[in-house]
Amino acid sequence: MSKKLKLGIFGFGVVGQGLHDIIRTKALNFEIVKFAIKDASKKRTLPAELFTTDKNEILNNAEINTIVELINDPVAAFDIVKRALTSGKNVVSASKKMIADNLEELIYLQKQHGTSLLYEGSVCGSIPIIRNLEEYYDNELLHSISGIFNGSSNYILSKVYNEGLDYDTALKQAQDLGFAETDPTSDVGGFDAKYKLVIASAHAYGVVVKPEDVLNIGIQTLSAYDLQYAKEKRLKIKLVPVAKELDDQHVAMFVLPRFVNSDHFLYNVDNEYNGVVVQAAFADQQFFFGKGAGGHPTGSAVLSDIAALRYDYQYEYKKAHEKKDLKFTNDIELNVYVRYEDESLIEALAFDYIHERFYSGNFRFVIGTIKLKNLIANQSRISAEGAFVACTGDLKEIKLHVLTDLATEVL
Ligand code: HSE
């Protein structure tokens, strides 16, 4: 039986307004009691009595049984969500950093207090990936999940590649369109995509990983040389988070730019669109496509979560509860292109194998097989020197490197 929801909504920004637009067009069994906002002086499109700047007015209101958290401060968001879950209110949130940073505690709080936290809108905007990983694939072995999880960086990559726009203009457009985070470093540096990967992996593999343990290298150092290389080879550059099960004990995760050819599902995922590629043992390869950013697309995912709470839907974290010894590892090797200036960076990266070297004027690159740990160790140097790293090849080529490391330890 559908229960009547009384909503307290935190945030009236791009997603909050998008959600309100959608709700007011529908006859649904819920009512917005109040919005909590930060800045009371901003002109709003709704009557003033619908707003408050006092979070306690919502959190202490016994009439409100459901909290929708859509603010952009992850620390304040965690406080709100924690208080709500602890006091018997169900929550819908779209704060990916807050969720990824605190996932273990959030899972515990839900269990402890019998409350539900849903967050479809936090991962890939309008694409219903979390509910599918949680429900549809609950009995499937997933070899990998990967894709385009950030609309802003994909918008920039599409505009510079397809239309020859310069990077800063494309970024400004992504900001003006309301796609980018308050600090766009999160988008272009691959942090936002990493938070989403961490959340998705908890449902795909039952492995809860701290974001700081996962490598993210973004697109900030993209240059005309990298675009030239991609165009000559008829490839596109995409920022791709990957979670891959390596064997029945190890799962690897990382976010790196990737060259994709025209046969790849992600090749035609442009602008603010996102795409998720699921490689499953029995279903084989499947592809989800949809808008990854923007008020209405993200609002639609938030609405779907609110609607699910009318029936007290909860994530069960089924894969986390299976008795499985799957652990996160960075002990992998993968094939990458590194465009660089200083030869000593290539020495420091200590490629296991170099497949190709190119040198012409200031354009120098190496393509080869490298340990992920060597990229992690040199991450700040790569960024400081303006080097650009992108994966080449297929996800199948990503291999566990544990045996070599053990051998080194024995020596
Ligand atoms: N800044 C995010 C993006 C918003 O560009 O994908 C949606 O999470």
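We count ligands from 1, going down the list as the structure has it; atoms in each ligand are counted the same way.
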Could you walk me through whether Asp270 and Lys236 pass the salt bridge (charged side-chain N to carboxylate O under 4.0 Å, His left out) check?
CA-CA 10 Å; Asp270 275 336; Lys236 279 189 183 174; 3.2 Å; yes
Is there a side-chain hydrogen bond (donor to acceptor under 3.5 Å, both in side chains) between Thr169 and Asp166? Walk through the geometry before answering.
CA-CA 6 Å; Thr169 308; Asp166 67 273; 2.7 Å; yes
Side chain to side chain contact (heavy atoms under 4.5 Å, CB included) evaluation trace for Phe288 with Ile145:
CA-CA 11 Å; Phe288 299 79; Ile145 48 169; over 6 Å; no
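Of all the atoms in ligand 1, the ones that sit under 4.0 Å from a non-hydrogen atom of Lys196 are 2 (C), 3 (C), 6 (O), 7 (C), 8 (O). Close contacts of ligand 1 with Lys96, meaning ligand atoms under 4.0 Å from a residue heavy atom, involve 2 (C), 4 (C), 7 (C), 8 (O). Residue Gly292 approaches ligand 1 through these ligand atoms, each under 4.0 Å from one of its heavy atoms: 6 (O), 7 (C). Applying the 4.0 Å criterion to heavy atoms of Glu181 picks out, from ligand 1, the atoms 1 (N), 2 (C), 4 (C). Taking every non-hydrogen atom of Asn150 and a distance limit under 4.0 Å, the qualifying atoms of ligand 1 come out as 2 (C), 3 (C), 5 (O), 6 (O). For ligand 1 and Phe179, the ligand atoms under 4.0 Å from any heavy atom of the residue are 1 (N), 2 (C), 3 (C), 4 (C), 5 (O). Shown in contact with Gly151 at under 4.0 Å from a heavy atom are these atoms of ligand 1, numbered in order with element: 3 (C), 5 (O), 6 (O).
Contacts of Asp187 with ligand 1, taken as heavy-atom pairs under 4.0 Å, involve the side chain alone.
Side-chain N or O atoms of Glu140 include one that pairs as donor or acceptor with a backbone N or O of Phe282 at under 3.5 Å.
The shortest contact between atom 5 (O) of ligand 1 and any protein heavy atom is with Ser152 OG, 2.6 Å.
Side chain to side chain, Tyr315 and Gln110 fail the donor-acceptor criterion of an N or O pair below 3.5 Å. In this model, a donor atom of one side chain and an acceptor atom of the other lie less than 3.5 Å apart for Glu57 and Thr52.
Relative to the six-membered ring of Phe51, Arg44 meets both conditions, a distance below 6.0 Å and an angle of at most 45° to the axis.
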